[in-house]
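No hydrogens, no waters, no symmetry mates; every other heavy atom, side chains included, goes into these values. The chains referred to below are lettered A, B, ... by the order of the sequence lines, with proteins before strands, and numbering in each begins at 1.
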Protein chains: 2
Amino acid sequence: MKNRLKVLRAERDWSQQDLAERLEVSRQSVNAIETGKYDPSLPLAFRIAELFGQPIEAIFLRD
Amino acid sequence: MKNRLKVLRAERDWSQQDLAERLEVSRQSVNAIETGKYDPSLPLAFRIAELFGQPIEAIFLRD
DNA sequence: TCAATATGTAAAGCTTACTAGACATGCGAA
DNA sequence: TTCGCATGTCTAGTAAGCTTTACATATTGA
């Protein structure tokens, strides 16, 4: 799965650390998801979607 | 997270086994997700949403 | 130039998602 | 009654998500 986290973060001028704090996960998790090391769990995907005010499908894309 | 799998399955008259085969997961996984033992991974949630033709948010609900 | 911030990465460890195999129960059909 | 199917559950194992700690590099600002 691909995702638009980096762009969404850039639009808000948030660092990975900023995003991690808002999501209540580690910075390494944000980095790993962004760099495609692994996919977030479903609960985390919901938190991400809620934070950015978009449907999960608009942020995460099947590849 | 709660989910509407049981209802969606019932609407189509599918057994847990039927659903498992269409999702290419084990029957135990379908059962565990339905009975709330754990949440599906994000990729599996996407497959479920695609199979039922609904957004993830319409099938899985935060509790 | 030095310090702080941002990003990427790695190891070790814990928790969660998923598997196969097995067993129990209930139920409708032959 | 007996058979087969559907569901729930359990165990043991593997894989994936996530944490903390740590280190390396690049960039920016005082």
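Between the CZ atom of A:Arg9 and the P atom of C:dT5 there is a distance of 17 Å, rounded to whole Å. Rounded to whole angstrom, the span from the CG atom of B:Leu44 across to the C1' atom of D:dG17 amounts to 15 Å. Taking atom NZ of residue A:Lys6 and atom C1' of nucleotide C:dG8, one finds them 10 Å apart after rounding to whole Å. A straight line from CD of A:Gln17 to P of C:dT7 spans 10 Å, rounded to a whole angstrom. Taking atom CG on B:Leu19 and atom C1' on D:dT7, their separation rounds to 14 Å, with Å as the unit. Taking atom CD1 of residue B:Ile33 and atom C1' of nucleotide C:dC18, one finds them 9 Å apart after rounding to whole Å. Counting to the nearest Å, the C1' atom of C:dG28 and the CG atom of B:Asp13 are 14 Å from each other. With rounding to whole Å, B:Arg47 atom CZ is found 8 Å from C:dC18 atom P.
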Yes or no on side chain to side chain contact (heavy atoms under 4.5 Å, CB included) for B:Lys6 and B:Thr35, after CA distance, side-chain angles and deciding distance?
CA-CA 9 Å; B:Lys6 191 166 188 168; B:Thr35 57; over 6 Å; no
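B:Lys37 NZ to B:Ser29 OG: the interatomic distance, rounded to the nearest 0.5 Å, is 12.0 Å.
A close approach under 4.0 Å does occur between a side-chain nitrogen or oxygen of B:Gln16 and OP1 or OP2 of D:dG8. Between B:Asn31 and the phosphate of D:dG8, there is a side-chain N or O to OP1/OP2 separation shorter than 4.0 Å. Neither OP1 nor OP2 of C:dA17 sits under 4.0 Å from any side-chain N or O of B:Lys37.
When heavy atoms are screened at a 4.0 angstrom cut-off, B:Ser29 is found touching base atoms of the nucleic acid.
Of the listed residues (A:Phe46, A:Phe60, A:Trp14), just one forms a ring-ring contact (aromatic ring centres under 6.0 Å, His included) with A:Phe52, and that residue is A:Trp14.
Nearer to the 5' terminus of DNA chain C, by closest-nucleotide assignment, is the contact made by B:Ser41 (compared with the other of B:Arg27 and B:Ser41). Take the nearest nucleotide of DNA chain C for B:Tyr38 and for B:Gln28: the residue whose nucleotide is more 5' is B:Tyr38.
Of the candidate nucleotides D:dC18, D:dT19, C:dG8, D:dT19 has the atom nearest to the side chain of A:Ser26.
A:Ala45 and B:Leu42 make their closest contact through CB-CD1, 3.8 Å (heavy atoms, listed as atom of the first residue, atom of the second, distance).
Salt bridge status for B:Glu34 with B:Arg9: present, with a side-chain N to carboxylate O gap under 4.0 Å.
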